[in-house]
Amino acid sequence: MNDRGTIINGDTVRFARMLPGSIERVWAYLTEGPLLTTWLAEDGAIPQHAGESFVLRMGGGDDMPEREGYEAAMYGTVLTYDPPHLLEYTWGIKAPDGSMLDSTVRFELRAHADGVELILSHWRVLPGFEARTLAGWHSLLDALRARLAGTEPPDGVTAMRARLREYEQPG
């Protein structure tokens, strides 16, 4: 399985990863605040019911120039919460003008004998932000895999910048 993300349908990024551990443990890392904050956000948790809203305080990439003026938070609403197989929520970022830039993120989990297959889809990615979205999720999923394996992930900003250079290359 290739770790690289792909663009499908023009505005959707998709990743398929094999992760170590049980499906219940991976689910916990996707939803529970103390675990979620080790790889995705500085603060926050995912509510357990569809229709519930939440905020994830983001960090790590705030010193990147392209983030200037954007709030370092993600505003979401749970669309599907079906443990431990399917999690889907809106992904909203406040733009410098105060408008909300909305997209949707979906995590699908399937248990295998050698770990857990995770399929991540993020759609309605803004035009021109495809490489940043791919690089961001690639770096975050690397951090998630490291946490699940019991190792320390690389620095998030450094990893994101390296991945961004890779995804901006043609071909």
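- In this view, Arg124 and Asp11, Asp102, Ser103, Thr104 satisfy the side-chain contact (heavy atoms from CB on, under 4.5 Å) rule, not counting sequence neighbours.
- Atom CZ of Arg110 and atom CD1 of Ile23 lie 9.5 Å apart (nearest 0.5 Å).
- Every side-chain contact (heavy atoms from CB on, under 4.5 Å) that Thr133 has, sequence neighbours left out, goes to Val13, His122, Val125, Phe129, Trp137.
- Put simply, Phe54 and Tyr29 are part of the same group of oily side chains (I, L, V, M, F, W, Y) that touch within less than 4.5 Å, one to the next.
- For the salt bridge (Lys or Arg N to Asp or Glu O under 4.0 Å) test, residues two or more places apart in sequence or in another chain that qualify with Arg163 are Asp142, Glu166.
- Checked against side-chain contact (heavy atoms from CB on, under 4.5 Å), Thr158 has the following partners two or more places apart in sequence or in another chain: Asp155.
- Applying the side-chain contact (heavy atoms from CB on, under 4.5 Å) rule to Ile93 yields the partners Tyr70, Met74, Trp91; only residues at least two apart in sequence or on another chain are considered.
- Residues passing the side-chain hydrogen bond (donor to acceptor under 3.5 Å, both in side chains) test with Glu152, sequence neighbours excluded: Arg147.
- For Asp82 and Thr80, the side-chain atoms include no donor-acceptor pair closer than 3.5 Å.
- For the ring pair (Phe, Tyr, Trp, His ring centres under 6.0 Å) condition, the pairs that include at least one residue of residues 145-167, sequence neighbours left out, are His138-Tyr167.
- Within the structure, salt bridge (Lys or Arg N to Asp or Glu O under 4.0 Å) pairs that include any residue of residues 20-34 do not occur (at least two apart or interchain).
- For Tyr81, the ring pair (Phe, Tyr, Trp, His ring centres under 6.0 Å) test picks out Trp27, with sequence neighbours left out.
- With sequence neighbours excluded, no residue satisfies side-chain hydrogen bond (donor to acceptor under 3.5 Å, both in side chains) with Thr151.
- Proximity of Asn9 to Trp123: side-chain heavy atoms (C-beta onward) are nowhere separated by under 4.5 Å.
- Every residue meeting the salt bridge (Lys or Arg N to Asp or Glu O under 4.0 Å) condition with Arg106, not counting sequence neighbours, appears here in chain and number order: Glu88, Glu108.
- Linking ILVMFWY side-chain heavy atoms closer than 4.5 Å, directly or via other members, places Val105 and Leu126 in a single hydrophobic cluster.
- For His112, the side-chain hydrogen bond (donor to acceptor under 3.5 Å, both in side chains) partners are Glu117, not counting sequence neighbours.
- Following chains of ILVMFWY side-chain contacts shorter than 4.5 Å, one can reach Tyr89 starting from Leu101, so the two form part of one hydrophobic cluster.
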